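To keep things clear, I will list the structure first and then write my remarks on it.
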Amino acid sequence: MDATFDEVICNSAFPHFPHKLKALKEMARVLKPGGRVVICHTKARETINNLHRSLGGVIAGDQIPPGSEMMGMLVAAGLTEIEIDEGHDYYLASGVKARYQ
């Protein structure tokens, strides 16, 4: 259902969605106005990306996009108040669904 959840948390899964923008739009669709999408990993973006490349095969292309690309996707999904924090040993991106439309 639309506008059902206060928060959607995507933990250590985002790189594996083949259609990332479509996945973000779906996450935003099920949020209540003012709800938050959180994408998090317990390793840095480059650490995750390098691991996936090194494993090869179907997972090699499963990457966390660079900041500007992720920002663009979050905006395209209709999210605001976007924050992207690429720490030394973590990754966190979040956005809020508009409270008023």
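All figures in this text were calculated on a predicted structure; none of them were measured in a lab.
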(message) Membership question, hydrophobic clusters at under 4.5 Å side-chain separation (ILVMFWY): are Met27 and Met73 in the same one?
(response) yes
(message) If the condition is ring-ring contact (aromatic ring centres under 6.0 Å, His included), which residues does His41 pass it with, not counting sequence neighbours?
(response) none
(message) Tell me the closest heavy-atom pair linking Gly87 and Ala44, and the distance in Å.
(response) O-CB, 3.5 Å
Quiz: residues 57-66 side-chain donor-acceptor pairs under 3.5 angstrom, not counting sequence neighbours:
| unit_1 | atom_1 | unit_2 | atom_2 | d |
| --- | --- | --- | --- | --- |
| Asp62 | OD2 | His16 | ND1 | 2.9 |
| Gln63 | OE1 | Arg53 | NH1 | 2.6 |
| Gln63 | NE2 | Asn49 | O | 3.3 |
| Gln63 | NE2 | Ala60 | O | 2.9 |

(request) Would you please name every residue forming a salt bridge (charged side-chain N to carboxylate O under 4.0 Å, His left out) with Glu26, sequence neighbours left out? (result) Arg29
(message) Distance check, rounded to the nearest 0.5 Å: Asn50 atom CG versus Arg45 atom CZ?
(response) 9.5 Å
(message) So which atom in Leu79 and which in Ala28 form the shortest heavy-atom distance, rounded to 0.1 Å?
(response) CD2-CB, 4.0 Å
(request) Could you tell me which non-hydrogen atom of Met1 sits nearest to which non-hydrogen atom of Thr4, and how far apart they are? (result) O-OG1, 2.9 Å
(request) Give, for atom OG1 of Thr47 and atom CD of Glu86, the distance between the pair rounded to the nearest 0.5 Å. (result) 10.5 Å
(request) Tell me, please, which residues at least two apart from Asp6 pass salt bridge (charged side-chain N to carboxylate O under 4.0 Å, His left out). (result) Lys32
(request) To the nearest 0.5 Å, tell me how far Asp85 CG sits from Tyr91 OH. (result) 9.5 Å
(message) Hydrophobic clustering (ILVMFWY, side-chain heavy atoms < 4.5 Å, transitive) - are Leu74 and Phe17 grouped together?
(response) yes
(request) Please name the pair of heavy atoms, one in Ile82 and one in Met71, separated by the smallest distance, quoted to 0.1 Å. (result) CG2-SD, 3.5 Å
(message) Going by salt bridge (charged side-chain N to carboxylate O under 4.0 Å, His left out), name the residues that satisfy it together with Glu7, two or more places apart in sequence or in a different chain.
(response) none
(message) To the nearest 0.5 Å, what is the distance between CG on Leu24 and NE2 on His19?
(response) 13.5 Å
(request) To the nearest 0.5 angstrom, please state how far the CD1 atom of Ile9 sits from the CD1 atom of Ile39. (result) 11.5 Å
(request) Can you sort out the partners of Lys25 under side-chain contact (heavy atoms from CB on, under 4.5 Å), two or more places apart, ordered by chain and number? (result) Leu21, Ala77
(request) Locate the shortest heavy-atom distance separating Pro15 from Ile48; write the atom from each residue and the value. (result) CG-CG2, 4.2 Å
(message) Count I, L, V, M, F, W, Y as connected when their side-chain heavy atoms are under 4.5 Å apart, and connections chain through other members. Are Leu55 and Phe14 then in the same cluster?
(response) no
(request) Determine whether Leu31 and Val38 fall in the same hydrophobic cluster, where Ile, Leu, Val, Met, Phe, Trp and Tyr are linked whenever their side-chain heavy atoms lie under 4.5 Å apart. (result) no
(message) Using the rule that Ile, Leu, Val, Met, Phe, Trp and Tyr join whenever any side-chain heavy atoms are under 4.5 Å apart, tell me whether Val37 and Ile84 fall into a single cluster.
(response) yes
